[in-house]
Structure formats: structure tokens, C-alpha cells
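In what follows, a single structure is set out as C-alpha cells and then discussed.
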Amino acid sequence: MGKTAERNFSELLRLARDFGAEEAKIITADQIVVEDRIVLKCKYGCHMYGWKLICPPFVPTPEEFRHILKEYRHALLMKFNSAAEADDDVARSLLKNRFSPDTPKELRERTMKFWSEWDKDKTRVLLAILELEKAAFNSGYTLALGLAAGSCVLCEKCNVDGPCTHPTMARLPEHAVGVNVRKTLKNAGMALSFPFKKRPHLVGMVLID
């Protein structure tokens with residue numbers, strides 16, 4: 001890594017922390033772990049499958065993403081704190097509590113409060129990632145591309161039957177293309193507690209080349 005690149009990466013790391021990252025590291029692209037099985041959790045278990053343009057089946061497959069990733073050299077990997085808070089009874093069944101008709105009203109209300117705060121967190125982190133992507137671009141890394149933390153929340157309902165209504169802002173979630181976030185963080189010497197206690201973390205990255 002040359003001195004110019006080091007300076008640029010140092011600036012990106014500083015900006016990441018300014019935008020609220022609890023931890024931020026530059027890793028090599030081959031430290032990003034991509035597994036075919038990750039998208040099974042999208043297809044079987046996620047209510048967003050087939051309903052958002054930045055989620056499967058509308059996005060590159062893990063195999064396609066592995067080929068794309070070989071064309072990048074580095075990534076800025078970040079972990080953000082969340083303002084969303086959940087007690088154990090909420091956290092253990094977030095989706096069930098949200099959608100099951102048998103969920104008691106009080107438990108559903110606390111669950112929906114978590115999801116509301118979580119969506120705000122995702123928007124906040126997405127905006128930070130977009131700014132960091134732009135900063136990398138302006139530093140000479142013209143193919144820099146951000147990967148978001150979680151599914152897109154820019155629209156109340158995604159325009160899945162037509163073009164994206166926010167094409168300059170929507171970014172792929174890491175897991176949507178097969179990134180094993182926990183293994184990738186481990187490769188970087190960063191930890192992610194799951195199941196989370198009280199408050200989860202959000203993880204985002206910017207591919208750099």
C-alpha cells in the first residue's frame with residue numbers, strides 16, 4: 001500500500017468515526033467471506049424476499065458477487081451502535097412478534113417500537129456509507145461502492161415492478177449477496193454479539209478500488 005493510499009485510507013477511517021462508527025478498519029477484499037448458504041436466510045425466513053429491488057432474487061448471486069469482489073482490493077469495514085433497544089422477550093422473536101396474530105398487544109407495541117428505531121438506524125448508517133463512498137470516489141477510488149446495513153427503508157413500498165425510485169441512494173445489504181458478516185468481522189479482528197443483548201449493532205462497508 002503506497003503512501004498516498006495510506007493517507008486516503010486514514011482520512012476515510014477518520015470520516016467513518018466522525019459519522020458515528022464505533023469501529024472502522026481497512027481490510028483486504030479477500031477477507032470478506034461470501035457463502036452461498038447466507039441467502040437461504042433471505043429466501044426462507046425473511047419477509048422482504050421478493051419485495052425489494054436491493055434484496056434477492058433481484059441482486060447478484062453469491063457466485064456472481066464472488067467474481068465481482070475479485071476486482072476490488074480493499075474495503076472499509078464499519079460497526080455502528082444502534083439506538084433500537086429490545087428486552088429479551090422482544091429480541092428472541094422479532095419477526096414472530098411483529099406478524100403473528102397471537103402476539104399480545106403490549107408485546108407487539110414494544111416490538112414495533114424496536115423496528116421503528118431500527119429503521120431510523122439503517123437510514124442513518126446508509127447516509128454515512130453514501131458519504132464515505134463519495135469521499136473514496138473523490139480520493140481517486142472511482143469504483144468505490146457501499147454495502148448497506150440491512151434491507152432498504154427509503155420507500156414505504158418498493159417499486160419492484162419498475163425502476164428503483166432512489167437509484168443514487170439504494171445500496172445492497174451485505175447479506176443479500178452472500179456476505180457472512182460475522183466471519184468477515186472476525187477476519188478483521190472485530191466482534192459481533194448475536195443473539196444481541198438489549199441493542200444490536202449495524203455493520204456496513206465500502207468496497208474500494
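What you see below is based on every heavy atom in this structure, not just the backbone, and it leaves out hydrogens, waters and symmetry mates.
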(Q) Please determine whether residues Met169 and Leu147 belong to a single hydrophobic cluster, defined as Ile, Leu, Val, Met, Phe, Trp and Tyr linked transitively by side-chain heavy-atom distances below 4.5 Å. (A) no
(Q) Between Phe9 and His74, is the ring centroid distance below 6.0 Å? (A) yes
Q) Are Leu145 and Leu15 connected, step by step, through hydrophobic side chains (Ile, Leu, Val, Met, Phe, Trp, Tyr) whose heavy atoms are closer than 4.5 Å? A) no
Q.
Rounded at 0.5 Å granularity, tell me how far OG1 in Thr165 sits from NZ in Lys157.
A. 12.5 Å
(Q) Using 0.5 Å steps for rounding, measure from the CE atom of Met78 to the CG atom of Leu132. (A) 5.5 Å
Q) Does the distance from a Lys or Arg side-chain N to an Asp or Glu carboxylate O, for Lys198 and Asp87, drop under 4.0 Å? A) yes
Q. Going from OG on Ser151 to NZ on Lys52, what distance comes out if it is rounded to the nearest 0.5 angstrom?
A. 3.5 Å
**Q.** Sub-4.5 Å side-chain heavy-atom contact between Leu12 and Val206
**A.** no
Q. Nearest heavy-atom pair of Pro163 and Leu53: which atoms, and what distance?
A. C-CD1, 4.1 Å
Q) Stepwise, does the side chain to side chain contact (heavy atoms under 4.5 Å, CB included) test hold for Met190 with Val203? A) CA-CA 11 Å; Met190 299 163 68; Val203 177; over 6 Å; no
Q. Hey, does the side chain of Arg66 reach the backbone of Val34 with a donor-acceptor pair shorter than 3.5 angstrom?
A. yes
Q: Assess whether side chain to side chain contact (heavy atoms under 4.5 Å, CB included) is satisfied between Arg37 and Asn180, documenting all intermediate values.
A: CA-CA 9 Å; Arg37 63 180 176 169; Asn180 186 318; 4.3 Å; yes
(Q) So Pro56 and Tyr49, do their side chains get closer than 4.5 Å, heavy atoms only? (A) yes
Q | Pairing of Asp209 and Lys70 as salt bridge, 4.0 angstrom limit | A | no
Q: Would you give the length of the straight line joining atom SG of Cys158 to atom CZ of Phe58, rounded to the nearest 0.5 angstrom?
A: 7.5 Å
Q.
To check you understand the geometry: which heavy-atom pair defines the closest contact between Ile38 and Gly178, and what is its length?
A. CG1-O, 3.4 Å
**Q.** Exam field: side chain Glu174 to backbone Val179, donor-acceptor pair closer than 3.5 Å
**A.** no
Q) Looking at Lys197, Arg199, Lys113, which hits salt bridge (Lys or Arg N to Asp or Glu O under 4.0 Å) with Glu85? A) Arg199
Q | Shortest non-hydrogen contact between Ala24 and Ala16, atoms and distance | A | CB-CB, 3.8 Å
Q.
Is there a side chain to side chain contact (heavy atoms under 4.5 Å, CB included) between Ile129 and Val125? Walk through the geometry before answering.
A. CA-CA 6 Å; Ile129 288 170; Val125 171; 3.8 Å; yes
Q | Backbone of Thr28 reached by a side-chain donor or acceptor of Gln31 within 3.5 Å | A | yes
Q: Without swapping roles, check the side chain of Lys122 against the backbone of Gly150 for a donor-acceptor pair under 3.5 Å.
A: no
Q: Determine, for Arg110 against Glu106, whether the closest basic-nitrogen to carboxylate-oxygen distance falls under 4.0 angstrom.
A: yes
Q: Look up atom CG in Leu107 and atom CE in Met112, then write down how far apart they are to the nearest 0.5 Å.
A: 11.5 Å
(Q) Under a 3.5 Å distance rule, please check whether Thr103 uses its side chain to pair with a backbone N or O of Phe99 as donor and acceptor. (A) no
**Q.** Side chain Thr184, main chain Val33, donor-acceptor under 3.5 Å
**A.** yes
Q) If you look at every heavy atom in Pro60 and Leu172, which pair is closest and at what distance? A) CD-CD1, 4.3 Å
Q) Can any side-chain N or O of Arg108 pair as donor or acceptor with the backbone N or O of Ser100 at less than 3.5 Å? A) yes
Q: Work out which heavy atom in Ala84 is nearest to a heavy atom in Trp118; give both atom names and the distance.
A: CB-N, 3.7 Å
Q: State, yes or no, whether a side-chain contact exists between Val177 and Leu69 at a heavy-atom distance under 4.5 Å.
A: no
Q) Under a 4.5 Å side-chain heavy-atom rule over Ile, Leu, Val, Met, Phe, Trp and Tyr, are Ile54 and Val39 clustered together? A) no
Q: Could you tell me which non-hydrogen atom of Ala144 sits nearest to which non-hydrogen atom of Phe137, and how far apart they are?
A: CB-N, 4.3 Å
(Q) Between Cys155 and His166, is there a side-chain heavy-atom distance shorter than 4.5 Å? (A) yes
**Q.** Any donor-acceptor pair under 3.5 Å from Asn97 side chain to Asp89 backbone
**A.** yes
Q: Answer with yes or no whether the hydrophobic clustering places Leu130 together with Phe80; edges join I, L, V, M, F, W, Y residues whose side-chain heavy atoms lie under 4.5 Å apart.
A: no
Q) Any donor and acceptor pair, going by atom type alone, linking the side chain of Glu133 with main-chain N or O of Gly146 inside 3.5 Å? A) yes
(Q) Is the shortest side-chain heavy-atom distance between Pro200 and Phe114 below 4.5 Å? (A) yes
Q.
Applying a strict under-4.5 Å side-chain criterion to I, L, V, M, F, W and Y, I'd like to know whether Val90 and Leu202 cluster together.
A. yes
Q: Starting from the C-alpha separation in whole Å, work towards a yes-or-no answer on side chain to side chain contact (heavy atoms under 4.5 Å, CB included) for Leu143 and Tyr72.
A: CA-CA 9 Å; Leu143 295 177; Tyr72 284 89; 4.1 Å; yes
Q: Report yes if the side chains of Met205 and Ile32 come closer than 4.5 Å at any heavy-atom pair, otherwise no.
A: yes
Q) Roughly how far, to the nearest 0.5 Å, is CG of Leu207 from CD of Glu71? A) 11.5 Å
